[in-house]
Enquirer: 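Got a structure for you, written out below as structure tokens; questions coming shortly.
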Amino acid sequence: MIAEWLTSVLTPASFEARRLGVVAEVVAVRARARRQAKAWAPHLAACHQTILTACQTVANPGSVAVLGAGWLLDVPFDALTRRFDQVLLIDAVVPRAVRARAGHAGALWQAHDLGGVLATLAAQKGGARGQAPDVPRPAPFPEAVLAADLVISANLLSQLAMAPRLWLDRHGADLDTQDRLSRALIEAHLEALGRCRGRVCLISDFEREERGAPGGPQRFDLLFGARPRIDGQRWLWDLAPRGEAENGLSVRHKVMGGLLASPTP
Ligand SMILES: C[S@@+](CC[C@H](N)C(=O)[O-])C[C@H]1O[C@@H](n2cnc3c(N)ncnc32)[C@H](O)[C@@H]1O
């Protein structure tokens with residue numbers, strides 16, 4: 001816990017990413033990935049394979065943009081740097097280690113809010129706290145992303161709403177408001193992916209299954225009804241085997257990964 005806290009403090013980030021808890025989330029992802037290395041291995045291997053397969057479909061590998069690059073756990077970074085002339089890593093929080101790794105490999109990184117609501121939420125004051133902000137549509141992608149030969153959305157889609165809805169929840173917004181914001185962020189991301197000029201590889205979890213509660217297994221739609229169409233595969237991700245989650249549940253996600261055929265079903 002102390003190591004996680006220290007990493008959070010030392011991770012460079014915007015005011016809004018820190019205030020809304022995105023930094024804490026990023027740090028927690030790596031800590032869990034380390035604890036659950038064995039359980040996560042098939043998921044990470046499937047992500048790498050999906051991305052490598054997508055790379056093969058790009059005839060002129062000039063530039064690739066990775067959205068939600070995080071710690072590059074699910075991204076075959078070295079293979080991308082070998083294949084593409086330019087690699088651009090984008091995330092609301094770019095950890096020091098990733099900045100250094102990018103620097104050594106001649107890759108670029110950019111700290112950028114790909115949903116476009118973090119600053120608005122973090123600036124809310126008084127009675128405005130807990131009000132859902134307008135979601136920019138399509139989502140605000142940098143021009144270098146729209147122009148890239150390959151865009152990889154790497155386990156980001158379901159995460160875009162995490163910090164904003166926790167913030168709204170903490171400030172009294174009802175579940176309906178939280179769900180509407182979540183869906184809007186997801187749709188805006190898909191719409192922006194649909195406007196990218198190159199190929200798009202989308203990897204996202206879309207269903208959460210919790211086991212171990214007295215009432216039997218519970219399922220949650222992580223994309224709030226959005227179902228992009230992809231040419232690819234689906235797999236299971238043992239996100240939190242029994243003992244990892246605090247409440248004694250085991251958590252498994254369903255994941256889709258492949259080339260985006262259409263942002264809508
Ligand atoms: C589950 S992690 C993805 C895993 C990552 N690809 C890796 O290999 O470490 C989700 C990522 O989405 C990023 N993220 C969440 N909200 C974001 C936003 N609004 N804009 C950009 N990145 C965001 C987080 O910072 C985090 O790195």
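For this chain, numbers begin at 1 and follow the sequence in order. Remember, it's a predicted structure, so these values are computed and weren't measured experimentally. Whatever order the structure lists ligands and atoms in, that order sets their numbers, starting from 1.
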Enquirer: State whether the shortest distance between N or O atoms of Ala92 and N or O atoms of ligand 1 falls below 3.5 angstrom.
Expert: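 Between Ala92 and ligand 1 (N or O atoms, distance only) the closest approach is under 3.5 Å.
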Enquirer: From the options Val22, Leu114, Leu156, select the one whose nearest heavy atom is closest to atom 23 (C) of ligand 1.
Expert: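 Comparing heavy atoms across Val22, Leu114, Leu156, the nearest one to atom 23 (C) of ligand 1 lies in Leu156.
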Enquirer: Quick check: Ala154 and ligand 1, any N/O pair under 3.5 Å apart?
Expert: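 Between Ala154 and ligand 1, an N or O pair is found under 3.5 Å apart.
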Enquirer: Measure centre to centre between the rings of His189 and Phe141, then say whether the value is under 6.0 Å.
Expert: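 Yes, the ring of His189 comes within the 6.0 Å limit of the ring of Phe141, centre to centre.
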Enquirer: Between Arg183 and Phe224 (side chain of the first, backbone of the second, donor and acceptor by atom type, cut-off under 3.5 Å), is there such a pair?
Expert: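 Flag set: sc Arg183 to bb Phe224 pair under 3.5 Å.
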Enquirer: Is a salt bridge present between Glu191 and Arg137, judged by a nitrogen-to-oxygen distance below 4.0 Å?
Expert: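 Yes, this pair counts.
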Enquirer: Just let me know how Val26 lines up against ligand 1, side chain, backbone, both or neither, with a heavy-atom cut-off below 4.0 Å.
Expert: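 Under 4.0 Å from ligand 1, Val26 contributes side-chain atoms alone.
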Enquirer: Polar contacts were defined as any N/O atom of the residue lying under 3.5 Å from an N/O atom of the ligand; does this apply to Asp113 and ligand 1?
Expert: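 Min N/O separation from ligand 1 is below 3.5 Å for Asp113.
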Enquirer: Quick one about Gln218 and Glu209 (side-chain donor to acceptor, distance below 3.5 Å, no hydrogens or angles considered), yes or no?
Expert: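 Checked: Glu209/Gln218 side chains show no N/O donor-acceptor pair below 3.5 Å.
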Enquirer: Is the backbone of Val58 close enough, under 3.5 Å, to the side chain of Arg199 for a donor and an acceptor to pair up by distance?
Expert: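 No.
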Enquirer: Of the backbone atoms (N, CA, C, O) and the side-chain heavy atoms from C-beta on, which set of Ala33 has a member under 4.0 Å from an atom of ligand 1: side chain, backbone, both, or neither?
Expert: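 Within the 4.0 Å criterion, Ala33 makes no contact with ligand 1.
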Enquirer: Quick one: does Val29 get an N or O within less than 3.5 Å of an N or O on ligand 1?
Expert: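 No, no N or O pair falls under 3.5 Å.
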Enquirer: Do any nitrogen or oxygen atoms of Gly68 lie less than 3.5 angstrom from nitrogen or oxygen atoms of ligand 1?
Expert: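 It does: an N or O of Gly68 is found under 3.5 Å from an N or O of ligand 1.
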Enquirer: Taking only heavy atoms of Trp71, which atoms of ligand 1 are found under 4.0 Å from at least one of them?
Expert: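 Atoms satisfying the 4.0 Å criterion: 7 (C), 9 (O).
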Enquirer: Does Met162 come within less than 4.0 Å of ligand 1, judged by its heavy atoms?
Expert: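 Met162 does not count as a contact of ligand 1 under the 4.0 Å cut-off.
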Enquirer: Answer yes when Arg227 and Asp221 have at least one side-chain N-carboxylate O distance shorter than 4.0 Å, and no when they do not.
Expert: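 So Arg227 pairs with Asp221 through a salt bridge.
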Enquirer: Given that the side chain starts at C-beta and the backbone is N, CA, C, O, which of these parts of Arg30 lies under 4.0 Å from ligand 1, counting heavy atoms, or is it both or neither?
Expert: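 For Arg30, no heavy atom sits under 4.0 Å from ligand 1.
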Enquirer: Any donor-acceptor pair under 3.5 Å linking the side-chain atoms of Arg165 with those of Ser182?
Expert: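 Per modelled atom types, Ser182 and Arg165 side chains form a pair under 3.5 Å.
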Enquirer: Do the side-chain N and O atoms of Gln178 and Asp169 include a donor-acceptor pair separated by under 3.5 angstrom?
Expert: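 Side-chain D/A pair, Gln178 to Asp169: present.
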Enquirer: Evaluating non-hydrogen atoms only, which member of Gly116, Ala69, Ala28 is closest to atom 7 (C) of ligand 1?
Expert: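 Closest candidate by heavy-atom distance is Ala69.
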